[in-house]
S.K.: 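Below is a structure I'd like to ask you about.
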Amino acid sequence: MRIIWVLVLVVTSLFAQVDLTPKEKLFIKNHLFHCVVTPNWAPFNMLKDDKIEGIAIDYWKLIKHKLNLKSNCKILPSWTLVLEDIKNKNSDIVPATAKTPDKQNFALFTKPYATYPIVIATRNNIGFINSMAQLENRKIVVGKNYSAAEILKKHFPNLNIIEVKDIKTALDYVSRGKAFAAIDNLPVIAYNINKYQFANLKISGKAPFDFKVRFMVRNDYPLLVSAINKAIDSITPEEKERIFKKWVYVVYQTGIDTKKLLTIAFIAIGLILILIALVIYQFFEIKKRRKFETQLIKTATIDSLTGIFNRKHIDYMLQKEVEEAKRYANSLSIIFCDIDHFKDINDKFGHKVGDIVLEELAKIMKQNIRKSDIIGRWGGEEFLIILPHTPLNEALRVAEKLQSAIRNYEFPKIGKITCSFGVTEFKSEDSIYRLMIRVDQALYEAKNTGRDKIVVKKD
């Protein structure tokens with residue numbers, strides 16, 4: 001088998017077209033490259049018959065042949081020592097790891113040559129894990145300084161992460177109940193569960209990110225990175241499939257008889273059906289929750305009678321628009337509107353008719369302002385309209401349009417009504433309090449000088 005693999009690599013290297021620059025060619029010609037690995041990360045790197053082999057080693061052999069690299073490879077007992085070796089430039093390249101911020105401080109990375117999901121392994125009695133939130137307040141084990149550990153710390157800093165020397169130890173912790181879950185990429189977890197016969201463990205879920213396998217190179221060898229990237233681009237789908245099938249067989253097929261395989265198939269089908277049921281259930285739960293959340297938001301922001309914003313939310317929107325006007329020096333105007341003689345309407349026709357007037361008036365005003373304008377019920381029969389990006393003269397035209405529309409509308413049971421309007425424009429030195437005092441004074445003047453008027457207040 002090894003002879004066939006070597007022959008395949010040799011033939012591949014003869015036909016591979018890797019177009020290197022003169023600098024890249026010279027750099028490769030003048031260097032002996034030192035590879036460094038740990039044997040504790042099967043099936044990517046592992047010892048067999050005193051030789052290192054695995055997925056990463058096969059890809060490294062393929063790259064070496066494509067680029068005609070001269071190299072040797074040494075084995076260190078832990079991943080931490082491998083990282084130190086690259087950091088201190090005692091070695092030049094690591095065949096398999098993920099790009100993380102910590103490692104980028106001292107190393108360069110090629111583009112990914114393979115991508116695998118990061119999965120969660122638990123005991124068999126644990127149900128499907130569909131969210132990382134289910135891991136909170138639980139002990140999670142990972143390999144010390146492994147890429148999965150760095151990714152988890154970055155994305156989920158609140159998880160209780162315990163680092164152990166390798167993934168076999170991590171799975172042993174879970175198997176003996178010393179931890180809730182172990183996390184690493186799919187090939188590593190699957191291989192170790194099968195090889196060490198952790199019969200009480202299973203893959204229960206997937207993390208929301210993938211493990212992109214790359215070569216890690218010492219940070220003063222950018223020419224080696226660019227050359228390897230070109231070699232990765234030249235890897236054919238057939239070459240990738242050949243490596244994949246070789247290690248899938250090792251991980252999943254060795255020692256499994258037909259009866260056991262059928263049992264596993266039935267279990268897998270059962271799990272798929274359960275997953276489908278969970279997805280359907282989750283879909284409807286999400287739909288119900290979103291509907292409930294929408295109702296809550298509506299209750300919190302919308303006036304139940306008129307269907308426009310309530311006082312609390314119009315206050316919030318005013319503050320937001322004022323802050324934006326200050327930050328970007330945008331124009332901003334507001335209109336304060338009050339129904340004339342509204343108390344008389346309530347006294348003569350009753351509060352139910354008064355409510356209808358408020359509803360109808362809100363509809364008229366919404367129909368006669370722009371979509372970008374914001375309207376809310378300030379209180380009682382008072383309404384506030386916020387006009388973003390609108391100078392005072394344009395705000396006056398909006399008020400006139402509203403005044404005309406209200407004058408010409410036949411309200412149910414009572415006929416015609418009028419409104420008074422105060423209009424003002426935000427100034428850079430204004431606070432919200434000063435802005436509202438000014439528009440309130442304009443409205444007060446409109447009501448006290450005959451009503452059905454528009455008063456503009458500049459200062």
S.K.: Can you confirm whether more than 12 heavy atoms, excluding those of K74, are under 6.0 Å from its NZ atom?
M.R.: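 Enclosed: over 12 neighbouring heavy atoms sit under 6.0 Å from NZ of K74.
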
S.K.: Between V37 and C35, does a side-chain contact (heavy atoms from CB on, under 4.5 Å) hold up when you go through it step by step?
M.R.: CA-CA 7 Å; V37 296; C35 152; 4.0 Å; yes

S.K.: Output the distance between atom CD1 (I276) and atom CG (L271), rounded to the nearest 0.5 Å.
M.R.: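 The CG atom of L271 is 11.0 Å from CD1 of I276, to the nearest 0.5 Å.
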
S.K.: What heavy-atom pair brings E359 and L305 nearest, and what distance separates the two atoms?
M.R.: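 Heavy atoms of E359 and L305 come nearest at CG-O, 3.3 Å.
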
S.K.: Looking only at heavy atoms, which two atoms of P388 and I374 are closest? And how far apart?
M.R.: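 Smallest heavy-atom distance, with atoms named: CG-CD1, 4.4 Å.
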
S.K.: Taking all non-hydrogen atoms of both residues into account, name the closest pair between T122 and A181 and its distance.
M.R.: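 In terms of heavy atoms, the two residues are closest at CG2-CB, 3.9 Å.
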
S.K.: What heavy-atom pair brings K23 and L223 nearest, and what distance separates the two atoms?
M.R.: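 Minimum heavy-atom separation between K23 and L223: O-CD1, 4.0 Å.
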
S.K.: Side chains of N40 and T38 only: does a donor on one sit below 3.5 Å from an acceptor on the other?
M.R.: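 Per modelled atom types, N40 and T38 side chains form a pair under 3.5 Å.
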
S.K.: With a 3.5 Å distance limit and no angle check, can you tell me whether S333 reaches the backbone of T390 through a side-chain donor-acceptor pair?
M.R.: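 It does hold such a pair.
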
S.K.: Return yes if a side-chain donor-acceptor contact under 3.5 Å exists between S331 and E425, otherwise no.
M.R.: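 No, because no side-chain N or O of S331 sits under 3.5 Å from a partner of the opposite role on E425.
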
S.K.: Just by distance, no angles: are the side chains of N68 and K29 close enough, under 3.5 Å, to form a donor-acceptor pair?
M.R.: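 Short answer, no.
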
S.K.: Looking at side-chain heavy atoms only, is the closest gap between T97 and L83 below 4.5 Å?
M.R.: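 In short, these two side chains do not touch, never coming nearer than 4.5 Å.
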
S.K.: Show your reasoning for whether side-chain contact (heavy atoms from CB on, under 4.5 Å) applies to I274 and F128.
M.R.: CA-CA 9 Å; I274 291 169; F128 177 67; 5.7 Å; no

S.K.: Report the C-alpha separation of N219 and K89 in whole Å, then their side-chain angles, then the decisive distance to 0.1 Å, and conclude whether the side chain to side chain donor-acceptor pair (under 3.5 Å) test is met.
M.R.: CA-CA 9 Å; N219 61 9; K89 297 181 172 55; 2.9 Å; yes

S.K.: With a sphere of 6.0 Å drawn around CG of N137, does it hold more than 12 non-hydrogen atoms of other residues, nucleotides or ligands?
M.R.: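 Not buried by this count: 12 neighbours or fewer within 6.0 Å.
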
S.K.: Only one of K153, M132, K139 clears side-chain contact (heavy atoms from CB on, under 4.5 Å) with L159; which?
M.R.: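 Only one of K153, M132, K139 forms a side-chain contact (heavy atoms from CB on, under 4.5 Å) with L159, namely M132.
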
S.K.: Side-chain contact test, heavy atoms from C-beta onward, threshold under 4.5 Å: evaluate it for Y196 versus L171 and give yes or no.
M.R.: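 They are not in contact (no side-chain heavy atoms under 4.5 Å apart), so the answer is no.
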
S.K.: Tell me whether K168 at atom NZ has more than 12 heavy atoms from other residues, nucleotides or ligands lying less than 6.0 Å away.
M.R.: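 12 or below, so no.
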
S.K.: Answer whether the closest heavy-atom distance between the side chains of I385 and V398 falls below 4.5 Å.
M.R.: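 No, every pair of side-chain atoms sits at 4.5 Å or beyond.
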
S.K.: Please confirm whether the backbone N or O of T110 pairs with a side-chain atom of R214, one donor and one acceptor, at under 3.5 Å?
M.R.: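 Yes; judged by distance alone, with no hydrogens or angles, the pair exists.
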
S.K.: Taking the side chain as every heavy atom from C-beta outward, state whether N185 and Y146 have any pair of such atoms under 4.5 Å apart.
M.R.: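 A side-chain contact is absent here, since even the closest heavy-atom pair is not under 4.5 Å.
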
S.K.: With ring centroids as reference points, do Y113 and Y59 lie under 6.0 angstrom apart?
M.R.: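 Yes, the ring centres sit under 6.0 Å apart.
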
S.K.: With L387 as reference, evaluate L332, L392, I335 under the side-chain contact (heavy atoms from CB on, under 4.5 Å) test and give the passing residue.
M.R.: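 Single side-chain contact (heavy atoms from CB on, under 4.5 Å) partner of L387 among L332, L392, I335: I335.
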
S.K.: Side-chain donor-acceptor pair under 3.5 Å between S204 and R123, yes or no?
M.R.: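 Result is no, nothing qualifies.
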
S.K.: Under 3.5 Å, side chain of E163 to main-chain N/O of N145, donor-acceptor pair present?
M.R.: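 Present.
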
S.K.: Check the surroundings of atom OH in Y173: do more than 12 heavy atoms from other residues, nucleotides or ligands lie under 6.0 Å from it?
M.R.: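 For Y173, atom OH is not crowded (no more than 12 foreign heavy atoms under 6.0 Å).
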
S.K.: So does E429 pair up with K326, basic N to acidic O under 4.0 Å?
M.R.: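 Salt bridge: no.
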
S.K.: Can a donor-acceptor pair be found, under 3.5 Å and without considering hydrogens, that links the side chain of W378 to the backbone of L384?
M.R.: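 It does not hold such a pair.
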
S.K.: Between E324 and R327, does any NZ, NE, NH1 or NH2 come within less than 4.0 Å of an OD or OE carboxylate oxygen?
M.R.: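 Here R327 does not pair with E324 in a salt bridge, since their nearest N and O are not under 4.0 Å apart.
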
S.K.: Got a salt bridge between D373 and R370, using NZ or NE/NH1/NH2 to carboxylate O under 4.0 Å?
M.R.: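 Judged by the 4.0 Å cut-off on N to carboxylate O distance, D373 and R370 do form a salt bridge.
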
S.K.: Has N194 got a side-chain atom pairing as donor or acceptor with Y191's backbone, closer than 3.5 angstrom?
M.R.: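 Looks like no, no N/O pair under 3.5 Å.
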
S.K.: Could you check, using the six-membered ring where one of them is a Trp, whether W79 and F44 have ring centers closer than 6.0 angstrom?
M.R.: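 Centroid separation for W79 and F44: 6.0 Å or greater.
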
S.K.: Could you give the distance from CD1 (I162) to CG (N160), rounded to the nearest 0.5 Å?
M.R.: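 The distance works out to 5.5 Å.
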
S.K.: Of all the heavy-atom pairs spanning K212 and T115, show the shortest one and how long it is.
M.R.: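 In this case the closest contact between K212 and T115 is CG-OG1, 3.9 Å.
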
S.K.: Taking the side chain as everything from C-beta on, heavy atoms only, tell me whether F215 gets closer than 4.5 Å to P95.
M.R.: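 Counting from C-beta outward, F215 and P95 do come under 4.5 Å.
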
S.K.: ring-ring contact (aromatic ring centres under 6.0 Å, His included) for Y221 and F27? Distances and angles first, verdict last.
M.R.: CA-CA 9 Å; Y221 277 8; F27 186 79; 4.9 Å; yes

S.K.: Evaluate the side-chain proximity of N88 to E84: yes if any heavy-atom separation is below 4.5 Å, no if none is.
M.R.: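 Contact flag for E84/N88 side chains = yes.
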
S.K.: Any pair with a residue in residues 177-187 that passes salt bridge (charged side-chain N to carboxylate O under 4.0 Å, His left out), sequence neighbours left out, goes on the list, sorted by first then second residue, please.
M.R.: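 Residue pairs passing salt bridge (charged side-chain N to carboxylate O under 4.0 Å, His left out), neighbours aside: none found.
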
S.K.: Using 0.5 Å steps for rounding, measure from the OG1 atom of T80 to the NZ atom of K165.
M.R.: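 If I round to the nearest 0.5 Å, the distance is 12.5 Å.
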
S.K.: After noting the C-alpha distance and the side-chain angles of R138 and I140, does the key distance pass the side-chain contact (heavy atoms from CB on, under 4.5 Å) rule?
M.R.: CA-CA 6 Å; R138 310 271 197 168; I140 311 300; 4.2 Å; yes

S.K.: Are N72 and L32 packed together at the side-chain level, in the sense that at least one heavy-atom pair is separated by less than 4.5 angstrom?
M.R.: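 Answer yes - side chains close enough.
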
S.K.: Verify the distance criterion only: is there a donor paired with an acceptor across the side chains of K103 and S147 at less than 3.5 Å?
M.R.: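 K103 vs S147: donor-acceptor pair found between side chains.
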
S.K.: Between N124 and A199, is there a donor-acceptor pair closer than 3.5 Å when you use the side chain of the first and the backbone of the second?
M.R.: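 A pair under 3.5 Å: yes.
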
S.K.: Quick check against the 3.5 Å criterion: does Q197 have a side-chain atom that pairs as donor or acceptor with the backbone of I193?
M.R.: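 Checked: no pair found.
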
S.K.: Working to the nearest 0.5 Å, report the span between CD1 of I120 and CD1 of I189.
M.R.: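 That separation rounds to 10.0 Å.
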
S.K.: Where the side chain of S131 meets the backbone of A133, is there a donor-acceptor pair that is under 3.5 Å apart?
M.R.: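 Checked: pair present.
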
S.K.: Between I126 and K202, what is the shortest heavy-atom contact and its length?
M.R.: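 Closest approach of I126 to K202, heavy atoms only: O-NZ, 2.6 Å.
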
S.K.: Quick check against the 3.5 Å criterion: does N45 have a side-chain atom that pairs as donor or acceptor with the backbone of W41?
M.R.: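 Not confirmed, N45 side chain does not pair with W41 backbone.
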
S.K.: Would you say that E382 contacts F336 through its side chain, given a criterion of any heavy-atom pair below 4.5 Å between the two side chains?
M.R.: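 E382 vs F336: side chains touch.
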
S.K.: So does D220 pair up with R218, basic N to acidic O under 4.0 Å?
M.R.: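 Yes, D220 and R218 are salt-bridged.
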
S.K.: Would you find a donor on one side and an acceptor on the other, under 3.5 Å apart, between the side chain of E24 and the backbone of T21?
M.R.: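 Pair found, side chain donor or acceptor close to backbone of T21.
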
S.K.: What distance separates D58 CG from K240 NZ, expressed to the nearest 0.5 Å?
M.R.: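 Nearest 0.5 Å value for the CG-NZ distance: 14.5 Å.
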
S.K.: Salt-bridge test for D430 and R438: reply yes if a basic N is under 4.0 Å from a carboxylate O, no otherwise.
M.R.: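 Answer for the salt bridge query: yes.
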
S.K.: Just checking F309 against Y316, ring centres under 6.0 Å apart?
M.R.: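 No, ring centres 6.0 Å or more apart.
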
S.K.: With distance as the sole criterion, is a donor-acceptor pair present between the side chains of D172 and T169 under 3.5 Å?
M.R.: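 Note: D172 and T169 side chains miss the donor-acceptor criterion.
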
S.K.: Can a salt bridge be assigned to the pair K144 and D166 using a cut-off of 4.0 Å between side-chain N and carboxylate O?
M.R.: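 Result for this pair is no, no salt bridge flagged.
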
S.K.: Quick one: do E239 and R242 make a salt bridge, cutoff under 4.0 Å?
M.R.: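 Judged by the 4.0 Å cut-off on N to carboxylate O distance, E239 and R242 do not form a salt bridge.
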
S.K.: Quick check for you: to the nearest 0.5 Å, what is the distance between K64 atom NZ and I93 atom CD1?
M.R.: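 CD1 of I93 is found 10.5 Å from NZ of K64.
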
